Visitor: 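After the C-alpha cells below, expect a handful of questions from me.
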Amino acid sequence: MVKNVAVIVDSSFYIPKEEQQKYNIYVIPTPIIFNGRIKYDSDWSSAAKFFKDMNSAKKMPSTSMASPADVLKAFEQVRADGYRQAILMTMASGISGFYNMAVNLANDYQELDVQVWDSKFTLMVSGVQALLAAELSAQRITREEIMKKVALLRDSTRVFIVVDDISHLKRTGRLAGGAALVAGLLNIKPILVFNKASKIVAIGKERQMKRAWNWLLKQYAIDAPDFDRPIRVLFADANNRALTENWQADFHEKYPDVITDFIPIGPLIGVHTGEKAVGFVYMDDWKDIARHH
C-alpha cells in the first residue's frame, strides 16, 4: 500500500521526539554558528546549558539556513520510505529565507511531489501544524484537504513574545521596524508579534513582566469570544519556566477549561530571543480539528 503524505519540517519546530516517532515526521536540521563552528540544537543537553554557553560566548551566536544537501537528503529518505507525496513545512518566511530555498528545491526535485508550506511561525507553534498534518495523513485524508485544515489552524493562531532583552533580535536582524522603536525599548519588556508578512514587530511595551502578562490577558479576553472551536494555549519560555508556570496558574484560575501546554524556546530560536524570553500563544485546538474534519 502506498503511504499517504509525508510530513517534513525544519528543526525550529521542536516537535518532541515521541511525537516525531509516532507520526514518522522528518526533521531537517538547522545550523547554529557558535564561536565560528557549526553546531545543532542536539549539541546541548538542555536549554539552560545553551544559554549559559551563549551568555559567556566570546562572540554572540547566529543561525544559518539548513543546507540544500540536508533538504535533498530528507526528500530521498521520504521517497525511499515509500511516499509519493510530501508536505515540507518551514519556519516563517518573514524571519528566514529557508521557505524560498525549499520552494526552489521542491520544484527541481522530480522524484517526489513536495508541497512547501510557510507555517508563518516557529517553535511548537508551527509544530502543531505538523502534528495536525501528520494525524490527518494517518487518517488517509488527501493532501489538499490536509492543507485546508492546516490553514484553518494557522489562521487561528495568535503569538505574543515578550523578550527580556531586545538586543539579540536587533543583533540578528530579526526585528522589523525602525531603529527609533528599538532605541525606545531599552530596559522595557517589548511585546512582539508576527505580522501578516510573518515578520516580528513590536506592538506594545511594558516596564515589567507582570504588566506584560496583564496586557496579554486583556488581549486574550478580547480575542477568545471570536473562536468557534475549543482553544489551546501554549506557554513558551527560554529557560524561564518558573515565570510561565506562574502565568499558567493565573490563566487556569480565570479559564479553568482551556487546554494549556508548555513549549520550549530552544537554542536555534533562543539565539534570537535571548534567555528569559517568554511566549503566550493561543489557537484552535488542533486535536479538535483532527477529530471534526
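Nothing here was measured: the structure is a model prediction, and the numbers come from that model.
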Visitor: Can you name the residues that form a side chain to side chain contact (heavy atoms under 4.5 Å, CB included) with Ala277, not counting sequence neighbours?
Guide: Val163, Ala238, Ile265, Thr273
Visitor: Nearest 0.5 angstrom please: Thr157 OG1 to Arg232 CZ, how far?
Guide: 12.0 Å
Visitor: For a quick test of your reading: what N or O donor-acceptor pairs under 3.5 Å do the side chains of residues 44-51 make, sequence neighbours left out?
Guide:
from  : atom 1 : to    : atom 2 : distance (Å)
Trp44 : NE1    : Asp53 : OD2    : 2.9
Ser46 : OG     : Lys49 : N      : 3.1
Lys49 : NZ     : Asp53 : OD1    : 3.1
Lys49 : NZ     : Asp53 : OD2    : 3.3

Visitor: CD1/Ile263 to CZ/Phe235 distance, rounded to the nearest 0.5 angstrom?
Guide: 10.5 Å
Visitor: What I'd like to find out is whether the side chain of Tyr282 reaches to under 4.5 Å of the side chain of Gln219, using heavy atoms alone.
Guide: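 The answer is yes, as the side chains (C-beta and beyond) meet within the 4.5 Å cut-off.
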Visitor: Looking at every non-hydrogen atom in both residues, tell me the closest pair between Arg171 and Met54 and how far apart they are.
Guide: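 What the structure gives for the nearest pair is NH2-CE, 3.8 Å.
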Visitor: Less than 4.5 Å apart, side chain to side chain, heavy atoms only: is that true for Phe280 and Val162?
Guide: no
Visitor: Starting at CZ of Phe251, measure out to OG1 of Thr244 and round the result to the nearest 0.5 Å.
Guide: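 Nearest 0.5 Å value for the CZ-OG1 distance: 13.5 Å.
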Visitor: If hydrophobic residues (ILVMFWY) are linked whenever their side-chain heavy atoms come closer than 4.5 Å, directly or via other members, who joins Ile38 in its cluster?
Guide: Ile33, Tyr40
Visitor: Name all residues meeting the side chain to side chain contact (heavy atoms under 4.5 Å, CB included) criterion together with Gln85; count only those two or more places apart in sequence or in a different chain, and write none if there are none.
Guide: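 By the side chain to side chain contact (heavy atoms under 4.5 Å, CB included) rule, Gln85 matches Val5, Asp113, Arg143.
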Visitor: Go through it in stages, so that I can follow the logic: the residues are Glu275 and Asp164, the test is side-chain contact (heavy atoms from CB on, under 4.5 Å), and I'd like the CA-CA distance, side-chain angles, deciding distance and then a yes or no.
Guide: CA-CA 7 Å; Glu275 194 174 19; Asp164 196 51; over 6 Å; no
Visitor: Using side chain to side chain contact (heavy atoms under 4.5 Å, CB included) as the criterion, list what pairs up with Asp165, not counting sequence neighbours.
Guide: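 Applying side chain to side chain contact (heavy atoms under 4.5 Å, CB included) to Asp165 gives Ser167, His168.
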Visitor: Once ring-ring contact (aromatic ring centres under 6.0 Å, His included) is applied, what residue pairs with a partner in residues 106-126 remain, sequence neighbours excluded?
Guide: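 Applying ring-ring contact (aromatic ring centres under 6.0 Å, His included) to every pair that reaches into residues 106-126, excluding sequence neighbours, yields Phe75-Tyr109, Phe121-Phe194.
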Visitor: Quick one: side chains of residues 87-106, donor-acceptor pairs under 3.5 Å with protein atoms, not counting sequence neighbours, listed by atom name and distance.
Guide:
from   : atom 1 : to     : atom 2 : distance (Å)
Ser93  : OG     : Asp118 : OD2    : 2.5
Ser96  : OG     : Phe98  : N      : 3.0
Asn104 : ND2    : Asn100 : O      : 3.4

Visitor: Take Lys73 and Glu76, measure what salt bridge (charged side-chain N to carboxylate O under 4.0 Å, His left out) needs, and give me the verdict at the end.
Guide: CA-CA 5 Å; Lys73 196 165 139 192; Glu76 289 292 327; over 6 Å; no
Visitor: Any sub-3.5 Å donor-acceptor pair from His292's side-chain atoms to Asp288's backbone N or O?
Guide: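 Here the side-chain-to-backbone pair exists.
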Visitor: Of all heavy-atom pairs between Ile32 and Pro267, which one has the smallest distance, and what is that distance?
Guide: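 Closest approach of Ile32 to Pro267, heavy atoms only: CD1-CB, 3.7 Å.
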Visitor: Yes or no on side-chain contact (heavy atoms from CB on, under 4.5 Å) for Val27 and Ser11, after CA distance, side-chain angles and deciding distance?
Guide: CA-CA 6 Å; Val27 182; Ser11 56; 3.8 Å; yes
Visitor: Locate the shortest heavy-atom distance separating Lys189 from Met209; write the atom from each residue and the value.
Guide: CG-N, 4.1 Å
Visitor: Let me confirm one number: the CD1-CD distance from Ile289 to Glu135, rounded to the nearest 0.5 Å.
Guide: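 Going from CD1 on Ile289 over to CD on Glu135, the span is 12.0 Å.
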Visitor: Which heavy atom of Tyr14 sits nearest a heavy atom of Pro264, and at what distance?
Guide: CD1-O, 4.3 Å
Visitor: Who passes side chain to side chain contact (heavy atoms under 4.5 Å, CB included) against Ala74, sequence neighbours left out?
Guide: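 Ile8, Ile28.
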Visitor: Could you state the interatomic distance from CD1 (Ile141) to CE (Met147), rounded to the nearest 0.5 Å?
Guide: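 It comes to 13.5 Å.
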Visitor: Just to verify, what does Arg241 make a salt bridge (charged side-chain N to carboxylate O under 4.0 Å, His left out) with, not counting sequence neighbours?
Guide: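 Once residues adjacent in sequence are excluded, the partners of Arg241 under the salt bridge (charged side-chain N to carboxylate O under 4.0 Å, His left out) criterion are Asp237.
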Visitor: Name the one of Ile269, Ile200, Leu268, Asp10 that satisfies side chain to side chain contact (heavy atoms under 4.5 Å, CB included) with Thr122?
Guide: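 Only match with Thr122 under side chain to side chain contact (heavy atoms under 4.5 Å, CB included): Ile269.
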Visitor: Apply side-chain hydrogen bond (donor to acceptor under 3.5 Å, both in side chains) to residues Gln77 and Tyr26 and explain how you reach the verdict.
Guide: CA-CA 9 Å; Gln77 189 59 57; Tyr26 299 80; 5.7 Å; no
Visitor: Is it true that Leu243 and Phe262 fall in one hydrophobic cluster, defined by side-chain heavy atoms closer than 4.5 Å?
Guide: yes
Visitor: Minimum heavy-atom separation for Tyr220 to Val258, with atom names?
Guide: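 Minimum heavy-atom contact is OH-CG2, 3.6 Å.
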Visitor: Look only at the side chain of Asp284 and the backbone of Trp286, and say whether a donor-acceptor pair between them is shorter than 3.5 Å.
Guide: no
Visitor: Taking 4.0 angstrom as the limit, do Glu145 and Lys148 come out as a salt bridge?
Guide: yes
Visitor: Please list, chain by chain and in numerical order, all residues satisfying side-chain hydrogen bond (donor to acceptor under 3.5 Å, both in side chains) with Asp250, sequence neighbours excluded.
Guide: Trp213, Lys254
Visitor: Does a side-chain N-to-carboxylate-O contact under 4.0 Å join Arg158 and Asp223?
Guide: yes
Visitor: Does Lys170 use its side chain to pair, donor to acceptor, with the backbone of Leu175 at less than 3.5 Å?
Guide: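 Side chain of Lys170 to backbone of Leu175, a donor-acceptor pair under 3.5 Å: no, none is there.
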Visitor: Can you find a heavy atom in the side chain of Met124 that is under 4.5 Å from one in the side chain of Ile15?
Guide: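 SC-SC contact between Met124 and Ile15 confirmed.
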Visitor: Establish whether Leu153 and Ile259 are linked, either directly or via other cluster members, by ILVMFWY side-chain heavy-atom contacts under 4.5 Å.
Guide: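 Shared cluster, no.
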Visitor: Output the distance between atom CZ (Arg211) and atom CD1 (Ile191), rounded to the nearest 0.5 Å.
Guide: 11.5 Å
Visitor: Tell me the closest heavy-atom pair linking Phe227 and Met283, and the distance in Å.
Guide: CE2-C, 3.6 Å
Visitor: For Glu111, does the CD atom sit with more than 12 other heavy atoms under 6.0 Å from it, leaving out its own atoms?
Guide: yes
Visitor: Which pairs pass salt bridge (Lys or Arg N to Asp or Glu O under 4.0 Å) with one or both residues in residues 19-43, sequence neighbours excluded?
Guide: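 Found none.
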Visitor: Keeping Lys3 on the side-chain end and Asp81 on the backbone end, is there a donor-acceptor pair under 3.5 Å?
Guide: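 Here the side-chain-to-backbone pair exists.
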Visitor: Can you confirm whether Ile161 sits close enough to Val278 that some side-chain heavy atom of one is under 4.5 Å from a side-chain heavy atom of the other?
Guide: no
Visitor: Before you tell me yes or no, could you show the steps for Gln129 and Ser119 under side-chain hydrogen bond (donor to acceptor under 3.5 Å, both in side chains), namely the whole-Å CA-CA distance, both residues' side-chain angles and the distance that decides it to 0.1 Å?
Guide: CA-CA 7 Å; Gln129 295 181 26; Ser119 75; 4.8 Å; no
Visitor: Show every donor-acceptor pair shorter than 3.5 Å between a side-chain atom in residues 59-69 and any protein atom, with sequence neighbours excluded, or say none if there are none.
Guide:
from  : atom 1 : to     : atom 2 : distance (Å)
Thr63 : OG1    : His272 : NE2    : 2.9
Ser67 : OG     : Asp70  : N      : 3.1
Ser67 : OG     : Asp70  : OD2    : 3.4

